[in-house]
Each structure stands twice: as structure tokens, then as C-alpha cells.
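The figures here come from the full heavy-atom set of this structure, side chains too, leaving out hydrogens, waters and symmetry mates.
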Amino acid sequence: MEMVIAAGLSALVFAGIGVLLVGGMSTWIMGEAKVDAESTAELGIRTVTNELRSAMLVTVDSNGLGLTYELPAKDSSGNYVSPLVWDGVSRRFALANSTLYKSYGGSSFGVVTGVTLTDPLSPSGTGTYQIFTPNAGAITRQITVELVTVRDGVTSTAYNAKTNARNRETIYLRNVPQISR
């Protein structure tokens, strides 16, 4: 009788440890997915902002999912040529198949993967957003860049969780040539 009670108690203890272990691992995986989503979105925002701050002309697509920009020319020592003139290289950021791409000089590479157009902070949590939003007016002097990335968390037959990260930054263009009156 004592053996049956001891075996039953041992089984309960091991079952409890197993539940705690599985719960801890699920939390760990969700945490890793959240960190990955946050760091990816932040890296994407930094990449875009570092490029666009120096731009002298930016044209945002009407759907807000892409933009074309021009950088000023630099001399052999890395200083801007004065007065500012375009360096002649076409550059572009655009979303395609949940990846934000940077294109220039005929080549293209992915900057951010897992981009979703669903804004988790919208009133219903299912609203959409534009990645690039220019200021109002004829000349673009500032652009708001917003990225929402999504990553898979814990997946099982009973539970499917995704985690997302949302980053947003407003960029003020430094090299927009002055318009003479």
C-alpha cells in the first residue's frame, strides 16, 4: 500500500514539474519572438532613418508602401558638394511580400522581414497603416516611418501565438534645398 501511495505522489510531483517546464518553455519562446520582432523593427527604422536624414528629395508612393529618394553628391574626401546636387544614383525603399527592400544602382536587398500592414494599436487591432507618411505640402521636409513586424511564438495544435512589435519615427530631412521666392 505504501508503494502505491509513494508511486502516486511521485507521479503527481513529476506531472507538476512537467507542466511547469512546458509553461516556462512556452514563455521563453514567446519572449524570444518578442525580442526578435522588436529588434528587427528597430533595426529597420534605423536603417531607413539614417539614409533619409541626408536625402535632398523624397517622393512617397501614393499607397505609402514605398518611396524614392535622392542623396546629395560628395567629393573625394566625403564632404557634400556645394551647392547641393544629386549624386545621380536612384534609391528606393519599398515593401514586397512582407519584406522591406532597399534598392539602388540596380541591386536590391532586404532590410526588414516579417513586416505586416496590420496595426496592433489600432482601435480594433486590425486596422492598416502606411509605412511612409510625408508631411502635408508640396515639398517633403519630414516623413513618418512606421514598421510593424510579426514573429511566430509558441505553436501547437491547441495554441498558435504570434507576437508583434511596432516602431515609429519622424524624420526631418536635412538637405532639402531652399526654394527661392
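- By the 4.5 Å heavy-atom criterion applied to side chains, Y129 and V148 are counted as neighbours.
- Heavy atoms only, all atoms of each residue included: V111 and F93 are closest at CG2-CE2, 4.1 Å.
- Side-chain contact check for Q130 versus V60: every heavy-atom pair is 4.5 Å or farther apart.
- Residue N164 comes nearest to A37 through the heavy atom pair C-CB, 4.2 Å, listed as atom of the first residue, atom of the second, then distance.
- Grouping Ile, Leu, Val, Met, Phe, Trp and Tyr by side-chain contacts under 4.5 Å, direct or through others, leaves M3 on its own.
- Crowding of N63 atom CG: a count of heavy atoms from other residues, nucleotides or ligands under 6.0 Å exceeding 12.
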For T144 and T170: C-alpha separation, side-chain torsions, deciding distance, then whether side-chain hydrogen bond (donor to acceptor under 3.5 Å, both in side chains) applies. CA-CA 4 Å; T144 300; T170 299; 3.2 Å; yes
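- The shortest heavy-atom contact between V115 and V112 is CG2-CG1, 3.6 Å.
- Under a 3.5 Å cut-off, the side chain of K74 and the backbone N or O of V81 do not form any donor-acceptor pair.
- Note on Y101 and V58: separate hydrophobic clusters, where clusters join Ile, Leu, Val, Met, Phe, Trp and Tyr whose side-chain heavy atoms are under 4.5 Å apart, directly or indirectly.
- To the nearest 0.5 angstrom, D119 atom CG is 5.0 Å from E146 atom CD.
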Donor-acceptor pairs under 3.5 angstrom involving side-chain atoms of residues 66-73: please list them, not counting sequence neighbours.
unit_1	atom_1	unit_2	atom_2	d
T68	OG1	R92	NH1	3.1
Y69	OH	E51	OE1	2.8

